[in-house]
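Inspection log for the structure reproduced underneath, given as structure tokens.
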Protein chains: 2
Amino acid sequence: MTPADQPRRRGRPAAPLLSQEKITRAAVELIKVRGYAALTMAALARQLGVAPSALYNHVNSKRQLLLWIQDHVNREIDCSDFGARPWDEALESWAHSYRDAYARYSPLVPVIAVTPIAGSPHTVAMYEQVAAGLRAGGWPDDQIVDVVVAVESFILGSAMDAAAPDDIFDVPSAQAPVLAEVVGARVGRDAARAAFELGLATVLAGLRDRFNALGG
Amino acid sequence: MTPADQPRRRGRPAAPLLSQEKITRAAVELIKVRGYAALTMAALARQLGVAPSALYNHVNSKRQLLLWIQDHVNREIDCSDFGARPWDEALESWAHSYRDAYARYSPLVPVIAVTPIAGSPHTVAMYEQVAAGLRAGGWPDDQIVDVVVAVESFILGSAMDAAAPDDIFDVPSAQAPVLAEVVGARVGRDAARAAFELGLATVLAGLRDRFNALGG
DNA sequence: ACCTGAACACCGTTCAAGT
DNA sequence: ACCTGAACACCGTTCAAGT
């Protein structure tokens, strides 16, 4: 039923083919299926069944598209433990979720690391919850941002490391005997994850030290 | 004096205009003066006074050029404290030097994070010294790579953060009141450096905890 | 061996023209 | 308001031709 008080011009209906939602979903799909390098404006338009120039009626630039994707990815990150559990446990589960999300989208890391968050609602909501959780946990206001940035730096560095090939440190033992030996001494399958777990445990232990020293 | 036993063909001398050394120095200079985005093969050739295609007689691809630059930058990193001072102090000065070097070349970070080191002699030498220093300090072989990777992840994440604008977390307090408040509570000038220093102290404290728990 | 100049297949983006 | 098709200024890279 077409309401009489919504007059229509002659010709085809006004419903646009594209939207931020559709474009973002198509872009994420494209990255998942064919990899980040395949995300070109032309390929994206093709996936959406429009001409490349049509995209520019909805998005200002490829960079803005990357920010839409960032906000979409950040939506997946679980920060629900902040406010519900002790700050260190919340930080731990958040770090895991955050690292795993960007291990799948590692080419986005350099973009998000330098982009103001203001235009990304889900991203802002995430940081708000993290900041509120740390404050409620007893952290002083003037250290909270530094703590978050420090932990995030480790997370994003680890997400990039997760994209590295397994043989990144392989080297002839004649050239670097000690390095070759300790690389060989690593056990287990997912080396990047092992390093992340060791690092995260280390960071959390250091933060607990710092937190306990606050009162004195 | 042209030695008689080094016969020369007629025409101009065989001395080439380009070399890995010259190309790398010109590329680093270009990045320093005009920024990373200005590093194109055409601009580089122009700086060297040759045609763009001439570069490909010496370098296989732009990616290989980036690896040359990486090795050049890594040469600046000071790891001389490993073997000369306690492992934690050596790690600290190395981290500072490493972070400062890549804060100036942050667009290289995503490249080096996923590139095998074998083809980069100075890079291999750096890791060899770090690994040997940690081993001499008493770390067990099977944890050394994880420790190095974890610290490096934090360093590279911090180097990217150093390239972020100062207002990256600025947000309307109506949208995120706690975040706005703790961002305002930060004091001092170089926010990225403050976060790095807090994070590094945290990581080192955590590593000392872990190290001291090893014997038991 | 090493350089030039022309060419190629892309890339993101713009814009007049249509509906 | 939103789409198409042609065009633009770039990009990294290749290659025949010269010396």
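All values reported here derive from a predicted model rather than from experimental measurement. So that the names make sense, note that chain A is the first sequence line, chain B the second, and so on, each numbered from 1.
Atom-to-atom, CG of B/Leu48 to P of C/dC3 comes out at 10 Å; the value is rounded to the nearest Å. At whole-Å resolution of the value, CG in B/Leu66 and C1' in D/dG12 are 12 Å apart. In this structure, B/Leu18 atom CG and C/dC3 atom P are separated by 5 Å, rounded to whole Å. The CG atom of A/Asn60 sits 13 Å away from the C1' atom of C/dG12 (whole-angstrom rounding). Taking atom CG of B/Leu30 as the reference point, atom P of D/dC11 lies 11 Å away to the nearest angstrom. Remark: C1' of C/dA6 and OH of B/Tyr56 are 15 Å apart, rounded to the nearest angstrom. Between B/Lys62 atom NZ and D/dC10 atom P the separation is 15 Å, expressed in whole Å. The distance from atom CE of A/Met41 to atom P of C/dC10 is 18 Å, rounded to the nearest whole Å.
A/Leu204 CG to A/Phe154 CZ: the interatomic distance, rounded to the nearest 0.5 Å, is 9.0 Å. From A/Trp87, atom CH2 reaches atom CG of A/Leu207 across 5.0 Å, with rounding to the nearest 0.5 Å.
A/Lys22 places no side-chain N or O within donor-acceptor distance of the main-chain N or O of A/Leu48, the cut-off being under 3.5 Å.
Residue B/Thr40 places its side chain closer to D/dG12 than to any other of C/dG12, C/dT4, D/dG12. Side chain of A/Pro16, nearest nucleotide from C/dG12, D/dC2, C/dT4: D/dC2. Here D/dC3 is the nucleotide among C/dT4, C/dT13, D/dC3 with the atom lying nearest to any side-chain atom of A/Asn57.
Evaluated for a side-chain contact (heavy atoms from CB on, under 4.5 Å) with A/Thr24, the options A/Glu29, A/Gln70, A/His72 yield exactly one hit, A/His72. When the options B/Asp78, B/Asp71, B/Ile77 are evaluated for a side-chain contact (heavy atoms from CB on, under 4.5 Å) with B/Met126, the one that passes is B/Ile77.
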Pairs under 3.5 angstrom only: tabulate donor-acceptor contacts from the side chains of residues 171-199 of chain A to other protein residues two or more places apart or in another chain.
from: A/Glu181; atom 1: OE2; to: B/Arg135; atom 2: NH2; distance (Å): 3.4
from: A/Asp190; atom 1: OD1; to: A/Ala192; atom 2: N; distance (Å): 3.4
from: A/Asp190; atom 1: OD1; to: A/Arg193; atom 2: N; distance (Å): 3.2
from: A/Arg193; atom 1: NH2; to: A/Asp100; atom 2: OD1; distance (Å): 2.8
from: A/Glu197; atom 1: OE1; to: A/His96; atom 2: NE2; distance (Å): 2.9
from: A/Glu197; atom 1: OE2; to: A/His96; atom 2: NE2; distance (Å): 3.0

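The base of C/dG5 is paired with the side chain of B/Ser53 by a donor and an acceptor separated by under 3.5 Å.
An OP1 or OP2 oxygen of C/dA1 is reached within less than 4.0 angstrom by no side-chain nitrogen or oxygen of B/His58.
Ranked by how close their nearest DNA chain C nucleotide is to the 5' end, A/Leu39 and B/Pro52 are led by B/Pro52.
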- Task: Go through the steps to decide whether B/Ser153 and A/Asp161 satisfy the test side-chain hydrogen bond (donor to acceptor under 3.5 Å, both in side chains), and finish with yes or no.
- Result: CA-CA 7 Å; B/Ser153 292; A/Asp161 180 57; 4.7 Å; no

- Item | Pair pattern of DNA chain D in dot-bracket, where unpaired bases get dots and | marks partners in another strand, Watson-Crick or G-U under 3.5 angstrom | ||.|||||...|||||.||

